[in-house]
Amino acid sequence: MTSLGQQVFTQNTAEGNAQKTKNQDQPDLLGHVAVPDETPAKGPIIIQVALPVPLFDVFSYLVPDALLAQWPFAPGCRVCVPFGKRELVGIYLGQATNDGIQPDKLKTIHTVLDDESLLPESMLKLLHWAASYYHYPIGEVISCALPTLLRQGRPYNLLAQYWRLTATAEREALKRAPKQLETFDLLKLHDEPGAPESALLLMGASKKQLQLLQEKGLAECFLQKTEHQTHPVKLAELPLIPNDEQQLAIDTIKQHLASFKGILLDGLTGSGKTEVYLQAMQPVLEAGQQVLVLVPEIGLTPQTLDRFRSRFQCEIVAMHSNLTDVARLQAWQAAQTGRAQIVIGTRSAVFTPMPKLGLIIIDEEHDVSFKQQDTFRYHARDVALCRGHRESCPVILGSATPCLESLHLVEEGKLLSLKLTQRAGNAALAKIQLIDLKNQPREHGLARDLIDAIKQRLKKQEQVLIFLNRRGYAPVLLCPQCAWQADCPRCDAHLTVHRQPSEHLHCHHCNYQSRLPAACPSCQSTTLTPTGMGTARLEEGLKELFPDTDILRVDRDSTSRVGSWERIYERAHQEKGAILLGTQMLAKGHHFPHVTLVAILDVDGGFLNVDFRAPERTAQLIMQVAGRAGRGQKAGLVLIQTFKPENPLLQILIQQGYAAFAKTCMAERKAMLLPPYRYCALIRAETPQAEKSLQFLQHVLTLLYAQPEAKQLEKPPLEIWGPVPAPMERRAGVFRAHALIFCKDRRLLHHLLGHWWLQVCKLPERRGVRCSIDIDAQEMS
DNA sequence: AGCACGCCGACT
DNA sequence: GTCGGCGTGCTC
């Protein structure tokens with residue numbers, strides 16, 4: 001959001017710049033389209049089309065006479081066009097002015113796929129802004145706002161699943177299946193022409209019965225166009241009575257409806273943020289408007305959805321990566337037509353068109369999953385703020401551990417801050433204590449004091465959660481004779497020892513796998529020793545230490561089988577002693593009411609890291625994990641094992657809390673002129689040859705200062721760190737390097753980067769080098 | 001990104 | 001004599 005502050009709150013956007021320069025010699029940076037309001041002179045109609053190709057231009061085409069009956073097209077509709085030897089589906093953006101390309105090079109579009117716009121003007125503008133802000137090709141940005149099926153050119157029909165009986169269906173076949181019989185009769189009632197699944201479910205049919213009938217060949221499912229109708233919102237459940245803080249937050253948000261306002265809802269875990277969301281949403285929904293709710297990737301659980309469903313009786317759609325193409329299209333259409341009043345989704349849902357958008361909520365706004373890491377590197381939180389600004393609706397950012405960027409915007413008066421400090425039911429906040437690992441005997445990686453604390457809890461039939469962010473058995477395989485270590489042949493990393501499903505070595509960075517060597521390849525010793533602690537090994541150790549206790553391990557290896565996570569979840573909800581043990585997966589979203597002790601085993605790495613954001617991330621994680629402890633009536637305790645108990649940041653965090661920590665961290669950032677006090681961009685390069693990545697970056701960075709715009713500046717306005725090899729220089733066989741660019745002035749940074757990056761992408765030296773630009777980079781690896 | 005064209009090695 | 005390797009160049 002770094003840049004967003006300025007971006008949102010001043011009108012000086014890159015878009016604005018592009019508009020100013022569009023008629024000059026410089027090619028329009030991101031192919032912004034001439035506004036199609038001037039009626040063109042007679043002659044052929046030339047239109048501009050955005051295509052899903054990694055090129056920064058939009059493309060001009062002619063409209064054939066045969067399609068003039070459909071003219072004028074709706075900006076945002078799809079067109080089929082010839083492109084090279086291919087045919088592509090693109091988005092019609094508007095009429096082109098005649099300048100630029102020679103008319104003889106123009107091709108003619110093949111077809112127009114839609115009568116109406118799929119992406120209203122406000123969405124197209126937002127997508128243009130995102131393309132320009134993140135320096136990413138406009139066609140690819142636009143295509144990420146469309147579901148796959150529409151991208152492929154499949155017809156836009158409002159599809160819904162309908163059910164009907166098959167022609168040969170006989171009632172007699174179901175004599176001994178009363179439930180299916182009920183569903184059969186229901187279908188019989190609505191047999192012509194079939195009934196939508198959603199209606200059948202409301203009438204008491206179940207999905208399972210329908211499927212069983214289908215398997216028996218008695219019923220069939222088909223897709224059919226539906227008419228969209230909006231159902232009035234009804235409250236399905238009375239709102240809880242808010243406490244004073246919640247009421248103040250709700251009232252304040254209500255005051256700001258119908259205009260843009262960024263609101264940071266800074267509330268402890270368990271202080272009732274969701275209730276504030278729900279009550280703030282109510283007037284928006286009652287006014288017939290839509291609400292967009294963004295949640296972190298792991299946060300979109302059935303429980304989350306249930307919470308909304310049980311409060312509001314209106315159409316709610318979930319948008320996440322696990323949807324099938326058809327389901328995604330249906331959800332998208334429900335949002336795009338305005339029928340779905342609530343859209344809950346992960347990062348990419350921020351680009352869902354919603355014609356009656358009235359409120360945006362971003363839950364756990366600090367979560368890293370809101371920043372896309374590969375290809376189009378946008379931050380959904382920042383896009384959401386921009387969207388709220390453009391569409392004049394409030395944006396609520398909720399978090400117990402707000403990111404420093406958001407807190408900085410509060411400081412500057414650009415975000416309104418609302419605090420929730422009381423926990424529901426007066427639940428006591430967990431105490432956090434450090435365990436000094438120096439001079440402390442350990443068993444299976446656990447300090448004596450920690451083992452004693454665990455025993456105490458188990459005796460009382462309470463549960464313990466142990467957090468260890470390292471999966472596998474052991475992170476290193478070491479030869480004690482000659483200090484050889486098993487390393488990945490393709491990465492600068494150790495191989496992790498795994499014992500499940502069978503003993504093997506595994507690289508967590510490139511997926512390389514191999515057998516364990518029988519003897520040390522260096523000195524032939526046969527005493528190779530797994531060293532260090534992973535979750536699988538800790539599980540073994542815990543079974544030895546607590547033989548009569550259920551140990552529930554939660555990590556990617558233990559939960560990959562279907563249903564295993566559900567089983568663990570169920571067991572954790574029984575009021576009986578148990579130890580939950582796992583990686584980050586455990587930290588987020590899930591509520592374990594019987595956990596009263598949380599242990600964090602390896603926190604030191606987070607504070608001693610080249611990434612300047614690492615302490616912030618670690619603190620957020622600690623607070624989040626701490627929030628898992630003692631949410632019920634029983635007070636919780638958090639124990640953190642560390643070799644560095646004197647670390648000042650850690651001390652401030654546990655003694656004075658996250659707010660004080662953030663303040664200190666912020667002061668350090670300010671002193672170092674790091675984000676959010678300067679804006680940043682990270683340039684990455686990857687090649688299979690060592691040195692070449694660095695050389696390329698070096699070359700490219702000299703061009704940055706060689707630009708005429710940069711030369712005119714007296715003092716270099718940019719500070720460049722690097723180029724340096726990336727923290728893990730070699731990964732999956734490629735050598736990675738990067739450089740960080742800082743600038744105080746966001747507009748200047750984007751102005752310089754924009755022209756320069758276009759130039760870099762066209763460089764002949766670029767062949768064989770994968771390079772990318774990451775605006776407001778969040779992770780330095 | 002695709003998908004051409006283009007110019008050199010091991011096959012019938 | 002061809003099939004195919006991926007270098008490089010273009011796409012309105």
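Here the structure is a predicted model, which means the values were calculated and not measured. In what follows, every chain begins at residue 1, and chains take the letters A, B, ... in the order their sequences are listed.
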Just how far, in rounded Å, is [atom2] of [N] from [atom1] of [X]?
| X | N | atom1 | atom2 | answer |
| --- | --- | --- | --- | --- |
| A:Lys762 | C:dC10 | NZ | C1' | 13 Å |
| A:Gln48 | C:dC12 | CD | C1' | 9 Å |
| A:Gln95 | C:dC12 | CD | C1' | 16 Å |
| A:Leu106 | C:dT11 | CG | P | 12 Å |
| A:Phe59 | B:dG2 | CZ | P | 14 Å |
| A:Leu55 | B:dG2 | CG | C1' | 11 Å |
| A:Leu88 | B:dA4 | CG | P | 13 Å |

- Item | Pair A:Arg381 + A:Glu365, salt bridge at N-O below 4.0 Å | yes
- Task: Taking only Lys NZ, Arg NE, NH1 and NH2, and the carboxylate oxygens of Asp or Glu, determine whether A:Lys692 and A:Glu765 approach each other closer than 4.0 Å.
- Result: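 Judged by the 4.0 Å cut-off on N to carboxylate O distance, A:Lys692 and A:Glu765 do not form a salt bridge.
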- Query: Is the A:Tyr136-A:Phe56 ring centre distance short of 6.0 angstrom?
  - Reply: no
- Message: Centre-to-centre under 6.0 Å for A:Phe83 and A:Phe59, is that the case here?
- Response: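 Centroid separation for A:Phe83 and A:Phe59: below 6.0 Å.
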- Within residues 76-87 of chain A: residues closer than 4.0 Å to DNA chain C (heavy atoms): A:Pro82, A:Phe83, A:Gly84
Less than 4.5 Å apart, side chain to side chain, heavy atoms only: is that true for [X] and [Y]?
| X | Y | result |
| --- | --- | --- |
| A:Gln152 | A:Val89 | no |
| A:Tyr134 | A:Asp382 | yes |
| A:Glu297 | A:Phe370 | no |
| A:Ile361 | A:Leu294 | no |

- Positive for side-chain contact (heavy atoms from CB on, under 4.5 Å) with A:Gln778, one of A:Gln372, A:His379, A:Arg377: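 Going through the options one by one, the only one that passes is A:His379.
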- Task: Looking at every strand, decide which applies to A:Leu51 at a 4.0 Å heavy-atom threshold: base, sugar-phosphate, or nothing.
- Result: nothing
Scan nucleotides 6-9 of chain C against the protein and return all N/O pairs shorter than 3.5 Å with their distances rounded to 0.1 Å.
{"unit_1": "C:dT8", "atom_1": "OP2", "unit_2": "A:Arg767", "atom_2": "NH1", "d": "3.0"}

